[in-house]
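For clarity, every value in this text was computed on a predicted model and none was experimentally measured. Counting convention: from 1, in listed order, for ligands and their atoms alike.
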Amino acid sequence: MTASNAVVDVSPDPVVYLNGEMVPLSEARIPVLDRGFIFGDGIYEVVPLYAPADGDAGRAPFRLTQHFARLARSLDKIRIANPFDDAGWRELVERVLAANEAQEGGALAPGQHAIAYIQVTRGVAKRTHTFPAGAVAPTVFVMISPLALPNDTQRANGVRCVTAEDKRWLHCDIKSVSLLGNVLMAQHAAENGALETIQLRDGMLTEGSSSNVWIVKDGVLFAPPRSNRILEGIRYGLIEELTQAIGIRFEAREITEAELRDADEIIISSATKEVLPVTTLDHAPVGSGKPGAVFAALYGAYQQAKAVETCGVA
Ligand code: PMP
């Protein structure tokens, strides 16, 4: 197969940022010696951008500061110098967003919510496992894509998840582009008619293949504590704040497989799923088999927080 017939159909071809240039996605290229390609040596972020209800341009980010803080933490943990400060990142995301909003018939239909995908790798260098000896510029990529939120049926009925042993490495706190473990778990879910795989390590709940997992028992919300075994979702801190605002008791502690299976409610959270009720786990109903009261309260509070922060565009 030649490079030309390996090209992916990216229509309607969004404008992306790659190393200082704004280019159509179809023309964006990185050298094969990029350490992101060779070693998965890089990190990424996904920031939701909400469209105003009236269909106008001017999508607004949600929890941008927190996303940039996690981006900085991930870079720090793998010792890549942050190529921008928060203001620089913000300007960059706004620039790529504006270019796509200006594109007639482009990737973003009016009223369509979006995500900013940000990726930074250690750059291009001769293939050796150790970090490049000299100063190597990181590869910086920013892409805007449409965001399809869960639909009303998924929220009203809840979704199905399956469980599997968490076999990933022990730096799950880094938002690394080395996502093979998560990819295999996502595929496992898809092949088993589920939305997500909920992972367990040594009999304890960790997280979904691309979400954090919460359980409810007797009105109390529980989640595994922040640690190297999970990615601290930006919704982790947000949900913690929301429980205080709406008077739901929250406790971060280890959750056993038995507690997961015996939960009254299971909820998953991520930038693209917001909060979503899980009503079937493997082949068994979760609690009553219907989305519960804690989910309903959190969903309402989430929408309100979003509306406030994105200037009433929820
Ligand atoms: N855990 C994993 C493994 C994820 O990929 C994600 C999605 N980024 C999350 C948790 C949730 O993070 P966030 O709330 O920032 O989307």
Notebook entry, point to check: Do any pairs count as a salt bridge (charged side-chain N to carboxylate O under 4.0 Å, His left out) and have a residue in residues 106-122, sequence neighbours left out, and if so which ones?
Noted result: D41-R122
Check: Does the side chain of F68 come within less than 4.5 Å of F84's, by heavy atoms?
Finding: no
Check: Can you find a pair of side-chain heavy atoms, one from R235 and one from Y302, that are under 4.5 Å apart?
Finding: yes
What residue and heavy atom of the protein are closest to [atom], and at what distance?
atom	value
atom 16 (O) of ligand 1	A271 N, 2.7 Å
atom 12 (O) of ligand 1	G233 CA, 3.1 Å
atom 5 (O) of ligand 1	S210 CA, 3.3 Å
atom 1 (N) of ligand 1	E207 OE1, 2.7 Å
atom 8 (N) of ligand 1	K175 NZ, 2.6 Å

Margin query: Taking 4.0 Å as the limit for heavy-atom contacts, which would you say applies to I230 with ligand 1: side chain only, backbone only, both, or neither?
Written below: neither
Checklist line | Per-residue contact class, S209 against ligand 1 - non-hydrogen pairs under 4.0 Å | finding: backbone
Next item on the list: Under the side chain to side chain donor-acceptor pair (under 3.5 Å) rule, what do Y299 and R155 come out as? Steps first, then yes or no, please.
Entry: CA-CA 9 Å; Y299 180 73; R155 271 194 295 264; 3.3 Å; yes
Give the atom numbers and elements of ligand 1 that come within less than 4.0 Å of a heavy atom of [X].
X	answer
N212	10 (C), 11 (C)
N182	3 (C)
R70	12 (O), 13 (P), 15 (O)

Notebook entry, point to check: Considering distance alone, does some N or O of R235 sit under 3.5 Å from an N or O of ligand 1?
Noted result: yes
Checklist line | Sequence-distant partners of D86, salt bridge (Lys or Arg N to Asp or Glu O under 4.0 Å), two or more places apart | finding: none
Next item on the list: Look at E45 together with K175 and state whether they make a salt bridge at an N to O cut-off of under 4.0 Å.
Entry: no
Margin query: Between D173 and R73 (salt bridge meaning N to carboxylate O under 4.0 Å), is one present in this structure?
Written below: no
Next item on the list: Determine the minimum heavy-atom distance between P61 and T310, stating which atoms define it.
Entry: O-CG2, 3.5 Å
